[in-house]
Amino acid sequence: MNPRTAGTFSLPARLLHWLMAIMILTMLFVGVGMVATVSERHVWLVQLHKPLGIAILALVIVRLLVRWRYGTPALPADLPPWQRAAAHLSHWALYALMLAMPLIGWTMLSAGGYPVTLFAGVTLPDLVSPSPTLYSALRFAHTWLALSLFALILLHLAAALYHALIRRDGVLASMTRSRKQP
Amino acid sequence: MTQNAAPPPKLILRFTIIGLVIAILATAFAYVGGWLDPGRLTPDRMINTLEDNAGVHEGYRRNHAKGYCVVGSFESNGNVDSLSRATVFETGRVSPLIGRLAIPGGDPHANDGMPPIRSFALQFQLPNDEQWRTAMNAMPVFPVSTPQAFWELLKASQPDSQSGKPDPAKMAAFFAGHPETKPFLAWAKTAQRSSSFVNVEYNSLDAFRFIDAGGTTHFVRWGLVPEAPFTPMTEAQKQDPDFLSRDLRERLDKGPQRWHLIVTVANPGDPTDDATLAWPADRRQIDAGIVTIDRAQDQADGPCRDINYDPLVLPDGIAGSDDPLLSARSAAYSESYNRRTREEAESATSSTQEPRS
Ligand code: HEM
Ligand code: HEM
Ligand code: HEM
């Protein structure tokens, strides 16, 4: 067995990680599903997509504050440098996409002249004035960044399982358990 | 870096598990996204079929492509504020309108005399960034009640490459297989083409729900009843492919044009999920206020161009019904909007022209 990581993520960090993991995977499936059907599923999936996406925007801000406040455990000391770099890079890419996707969704609807209605009676203010050029650029970005996010999550999941099943170095446990020391 | 540990037992099995987990998740995603399910009726396929029938006219709507922007206002008289808490129905409230008068079909240069139908779409601007959008047709019932049947109708009416007209045998077969089209066909047989956009009645056709201040739901349909009396299209007008816009301008030069917004309330048991069935004529009808149109503008640079009149853009107090056409319209209009705004953006960058006036 490989040497274990020192420490684990803080409880708020772990709760937010798993809550948001479920929410974001849900958003990706809801997103591709709702634009791929004309059935009545389309309407209720869109009605779920918008408030859930805005909730992710709020949570990712809280999560970055939690990370700044509580820090993160170190990766195992023997992890090859390229894997260490890949871990850091991919985590920052995940944060960037978690922040960008809902902001793009909101701005895109404003640019399309749509009211950004989350629930009956709750409509967010417009972020930009209507512009078909901006709308179509953001609509394009919303699709392709979502697909990139999904690919990155698959990679992230594969890496987590690699740590758990192959290296067995306690990295997965650092996100699942509250062990203070290895 | 030193690997100071032996590899775990059953290494191949462990890698296989990882591979399987990823493959299953990726496959589920592809399935939900419709990529493994070519038979599904997606918004994409619906719009492709509209394009097959009418060709691709870049920057234009994929249906109701030929139309004109109009601007005006709606003044509520408060008569329906007990049925819906939407601010648009408050007594005396005047809501600015951006509308669009159009004819059905995907050809933006079609002859106005061809289709028996005219359409009117409206966007009501309400306080707190809320909007109410509605797209209405001048007919009493819709031909079909489901998106699948609409798509089959589009397929059946695809113009023949030789004659440029739909194949009558295919059309006949479609109507024979779809008895729900009978009320529409009966109307179409006797319907007279109007001489104007402003002297016909427009209908929401789909049912909606009004939600009152207490949270109670009332099923409704709405429509516009014109103040101008109906007159049929004249022989002279038949010679002019753009007679509807000419007439519209002439009438607006003389003064604003008005319609009454009439709300029809369903009785319990009236069909709310089937746009092929009209409600009995004795249902309660309420005059909710007056739609006034003051001026018109070409759609190429008018304020309606970049609006998607999605019938499910609704304010608090109005909601969709169980009519399956509503979801399909919302999905398909969005795909049409995505395509035409992309084409607009591309042509704007190539001519470095401000896209919106
Ligand atoms: C984590 C956040 C989000 C994710 C992962 C996400 C993901 C997606 C995906 C995968 C699609 C389908 C794209 C396609 O296949 O073309 C989509 C479409 C869409 N998203 Fe999001 N989204 C997010 C946030 C939002 C937010 C906050 C809004 C608006 C408030 C929004 C509005 C939309 C709309 C309106 C569409 C469909 C547009 C159309 O009909 O063409 N999204 N989203
Ligand atoms: C689907 C199953 C998932 C598993 C098994 C998993 C597992 C893990 C593990 C073990 C870590 C700790 C890595 C370390 O010690 O540096 C981690 C971190 C992280 N995960 Fe996940 N994750 C999953 C899904 C997601 C999803 C969907 C997202 C969001 C898009 C996400 C975003 C992140 C981020 C941003 C970090 C870095 C945390 C930080 O350093 O602040 N994860 N994940
Ligand atoms: C599943 C059935 C239907 C489909 C697939 C469909 C499709 C479309 C499409 C693609 C557009 C162009 C949207 C845009 O680019 O902005 C459109 C416009 C329109 N449709 Fe439908 N439609 C359907 C049913 C109906 C029904 C039931 C009505 C009845 C009121 C209706 C009335 C209109 C009107 C008035 C417009 C023009 C809106 C404007 O002026 O912008 N449609 N339709």
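Letters go in sequence order (proteins before strands), and every chain restarts at 1.
The aromatic ring centroids of Phe210(B) and Phe219(B) lie 6.0 Å or more from each other. For Trp18(A) and Phe9(A), the ring centers sit 6.0 Å or farther from each other.
Of the listed residues Asp37(B), Asp323(B), Val313(B), Leu25(B), the one with more heavy-atom pairs under 4.5 angstrom with chain A than any other is Leu25(B). Ranked by non-hydrogen atom pairs under 4.5 Å with chain A, the options Pro147(B), Gly19(B), Pro43(B) are led by Pro43(B). Interface summary for chain A: among Arg133(B), Glu335(B), Glu130(B), the most heavy-atom pairs under 4.5 angstrom belong to Arg133(B). Of the listed residues (Ala164(A), Ala158(A), Ala137(A)), the one with the most heavy-atom contacts under 4.5 Å to chain B is Ala158(A). When the candidates Tyr337(B), Phe29(B), Phe15(B) are compared by the number of heavy-atom contacts under 4.5 Å with chain A, Phe29(B) comes out ahead.
Contacts from residues 145-156 of chain A to chain B, taken as heavy-atom pairs separated by less than 4.5 Å, involve Leu147(A), Phe150(A), Leu154(A) in sequence order.
Proximity to chain B is limited to the backbone of Val35(A), based on heavy atoms less than 4.5 angstrom apart. The parts of Asp129(B) that come within reach of chain A are both its backbone and its side chain, each placing non-hydrogen atoms under 4.5 angstrom from that chain. For Ile17(B), the part sitting under 4.5 Å from any heavy atom of chain A is the side chain, from C-beta outward, and nothing else. Using a 4.5 Å cut-off between heavy atoms, Phe29(A) contacts chain B through both its backbone and its side chain. Neither the backbone nor the side chain of Ala30(B) comes within contact range of chain A, judged by heavy atoms closer than 4.5 Å. Of the two parts of Trp151(B), neither the backbone nor the side chain holds a non-hydrogen atom closer than 4.5 Å to a non-hydrogen atom of chain A. At a 4.5 Å heavy-atom cutoff, Ala319(B) makes no contact with chain A through either its backbone or its side chain.
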Go through the steps to decide whether Arg45(B) and Thr49(B) satisfy the test side chain to side chain donor-acceptor pair (under 3.5 Å), and finish with yes or no.
CA-CA 6 Å; Arg45(B) 269 178 90 204; Thr49(B) 307; over 6 Å; no
Show the numbers, then the answer: is there a salt bridge (charged side-chain N to carboxylate O under 4.0 Å, His left out) between Arg339(B) and Glu58(B)?
CA-CA 8 Å; Arg339(B) 292 191 192 189; Glu58(B) 292 206 345; over 6 Å; no
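Side chains of Ser145(B) and Thr276(B): a donor-acceptor N/O pair is absent below 3.5 angstrom, by distance only. Between the side chains of Asp322(B) and Thr272(B), at least one donor N or O sits under 3.5 Å from an acceptor N or O.
The environment of Arg14(B) atom CZ is dense: over 12 non-hydrogen atoms of other residues, nucleotides or ligands sit within 6.0 angstrom. Applying the 6.0 Å contact sphere to CG of Leu13(B) captures more than 12 heavy atoms from other residues, nucleotides or ligands.
Under the 4.0 Å criterion applied to side-chain N and carboxylate O atoms, Arg329(B) and Asp310(B) are not assigned as salt-bridge partners.
A 4.5 Å side-chain heavy-atom check between Ile307(B) and Arg100(B) finds every atom pair outside the cut-off.
Remark: Arg40(B) is positioned above the aromatic ring of Tyr31(B), its terminal NZ or CZ atom under 6.0 angstrom from the ring centre and at most 45 degrees off the axis.
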